[in-house]
Amino acid sequence: MMKIFESLKETEALRVSDGQKIPFLTNSPSPSRLLVLLWSQLGDFDSLEYAWWLNKKSAEIIANNITVRAIGIGDRNSGLKFCQYTDFPQENLFIDPDASIHKKLGLYEGLTWKIPALNQSQNAWVNLMLMCAGIGSKGTLKEVLRGYTGDKKAPQLIGEKEVVETNILPPLKGSFFNLAGGETFQRPFELATLRLRNMTEVLNNWKTYVPDAAYLTQRGATFLFDENGELLYEHRDQGILGFAENMSNPLSFLSFDS
């Protein structure tokens, strides 16, 4: 099997910032490390949550001279909407409309059960619902539960004065979650509230985020390379909400403080 870095160098994808189809790693600076993210659908919980963590740790990423490049499933409009919502840089996000690089690297497709009476998109929906229930999706139910019960191994996610708008619940101030169990760690319902905000964002803009539902179950991966293209770390997602080896601190493999 061809080395992962060489496969990525040979990959062309549409860059969100200008709509150009170019080599994925073109014009990359010379970083101390290169973080490559293969995201699922740009309207997927995992993609949105991963981008949130990158934004939260952006200062440390810059300070450590780490370049970030991501490929997500969708189209340019999906990418523009995703970047607008998450603040992920448009010039660092590329589009793979049919998950071709995911397939090339052998990433987990998720459940692919086929019901003869349904078309490809309808089958993908059925499989996605089964995965949300934990079938063929390792760790999903445990991770959903963690969002509600809290996690003392994880950092606090919402600042005390920060206000979260979900468009379903009343606006919630970060200090509100102290009532559920304290501060300085991930409080009960805190992560679930951020996920609810992501869900309402996607459902309100579904056709933009998911122009083709055929790839709803496709999972992603994380690859970290040194300046010579040698693989330092990889994580291949095995289920929904399984985008990191350590979900309490998804970027801990970069050796940042919590």
Side-chain angles (χ1 to χ4, degrees), residues 33 35 37 39-40 43-64 66 68 70 85-88 108 131-202 219-224 232-258:
R33 286 177 286 176
L35 178 59
L37 310 170
W39 279 335
S40 47
D44 193 286
F45 275 127
D46 297 46
S47 305
L48 294 164
E49 199 165 312
Y50 210 139
W52 183 90
W53 276 100
L54 291 167
N55 190 42
K56 183 179 177 68
K57 295 290 186 179
S58 59
E60 291 96 324
I61 290 170
I62 293 170
N64 284 271
I66 297 171
V68 180
Y85 177 66
T86 65
D87 288 329
F88 189 81
Y108 181 45
M131 290 179 70
C132 288
I135 299 171
S137 188
K138 183 179 179 181
T140 297
L141 294 182
K142 179 181 178 182
E143 181 56 26
V144 170
L145 183 63
R146 190 180 71 88
Y148 289 99
T149 60
D151 182 355
K152 291 192 175 181
K153 295 179 181 179
Q156 181 172 321
L157 303 180
I158 304 171
E160 297 295 287
K161 296 182 180 181
E162 183 181 351
V163 177
V164 178
E165 300 269 4
T166 66
N167 295 320
I168 294 179
L169 301 173
L172 297 174
K173 201 172 183 180
S175 57
F176 168 81
F177 296 94
N178 293 342
L179 300 174
E183 54 186 310
T184 74
F185 61 90
Q186 182 189 306
R187 287 79 56 89
F189 302 104
E190 190 177 14
L191 180 55
T193 301
L194 293 177
R195 288 172 175 168
L196 178 62
R197 180 175 67 181
N198 289 342
M199 183 183 74
T200 55
E201 162 69 13
V202 172
R219 297 297 91 200
T222 296
F223 302 107
L224 181 67
L232 300 174
Y233 173 87
E234 72 173 292
H235 174 79
R236 294 170 181 257
D237 309 350
Q238 294 301 308
I240 295 169
L241 295 178
F243 62 84
E245 184 176 348
N246 176 12
M247 288 297 291
S248 296
N249 189 1
L251 297 180
S252 59
F253 66 94
L254 294 174
S255 303
F256 295 156
D257 294 332
S258 299

Considering only heavy atoms from C-beta outward, does the side chain of [X] approach that of [Y] to under 4.5 Å?
X      : Y      : value
Tyr50  : Thr222 : yes
Leu241 : Glu49  : yes
Trp52  : Leu194 : yes
Leu254 : Lys57  : no
Phe177 : Leu157 : no
Ile240 : Cys132 : yes
Tyr233 : Glu245 : yes
Gln186 : Lys153 : no

When you measure from the side chain of [X] to the backbone of [Y], do you find a donor-acceptor pair of N or O atoms at a distance under 3.5 Å?
X      : Y      : answer
His235 : Gly220 : no
Ser137 : Ala133 : no
Asn198 : Leu48  : no
Asp44  : Ser40  : no
Thr149 : Leu145 : yes
Thr200 : Thr166 : yes

Greater than 12 external heavy atoms within 6.0 Å of Tyr148's OH: no

Within 6.0 angstrom of Phe176 CZ, more than 12 heavy atoms from elsewhere: no

Ring center gap for Trp39 and Phe88 short of 6.0 angstrom: yes

Worked check of side chain to side chain contact (heavy atoms under 4.5 Å, CB included) between Leu196 and Leu169: CA-CA 9 Å; Leu196 178 62; Leu169 301 173; 3.8 Å; yes

Would you give the length of the straight line joining atom [atom1] of [X] to atom [atom2] of [Y], rounded to the nearest 0.5 angstrom?
X      : Y      : atom1 : atom2 : answer
Thr140 : Lys142 : OG1   : NZ    : 12.0 Å
Met247 : Trp53  : CE    : CH2   : 9.0 Å
Glu162 : Gln156 : CD    : CD    : 9.5 Å

Matching residue for Asn178 among Glu183, Glu190, Arg187 - test: side-chain hydrogen bond (donor to acceptor under 3.5 Å, both in side chains): Arg187

Side chain to side chain contact (heavy atoms under 4.5 Å, CB included) evaluation trace for Glu234 with Leu224: CA-CA 6 Å; Glu234 72 173 292; Leu224 181 67; over 6 Å; no

Distance-only side-chain donor-acceptor flag, Asn246 / Ser252, under 3.5 Å: yes

Donor on one side chain, acceptor on other, Glu201 and Asn167, under 3.5 Å: no

Residues Arg236, Gln238; criterion side chain to side chain contact (heavy atoms under 4.5 Å, CB included); working and verdict: CA-CA 6 Å; Arg236 294 170 181 257; Gln238 294 301 308; 4.2 Å; yes

Heavy-atom pair of closest approach, residues Pro171 and Val163: CB-CG1, 3.8 Å

Nearest non-hydrogen partners of Phe243 and Pro250, listed with the distance: CE1-CB, 3.7 Å

Steps toward side chain to side chain contact (heavy atoms under 4.5 Å, CB included) verdict (Leu35, Phe253): CA-CA 11 Å; Leu35 178 59; Phe253 66 94; 3.8 Å; yes

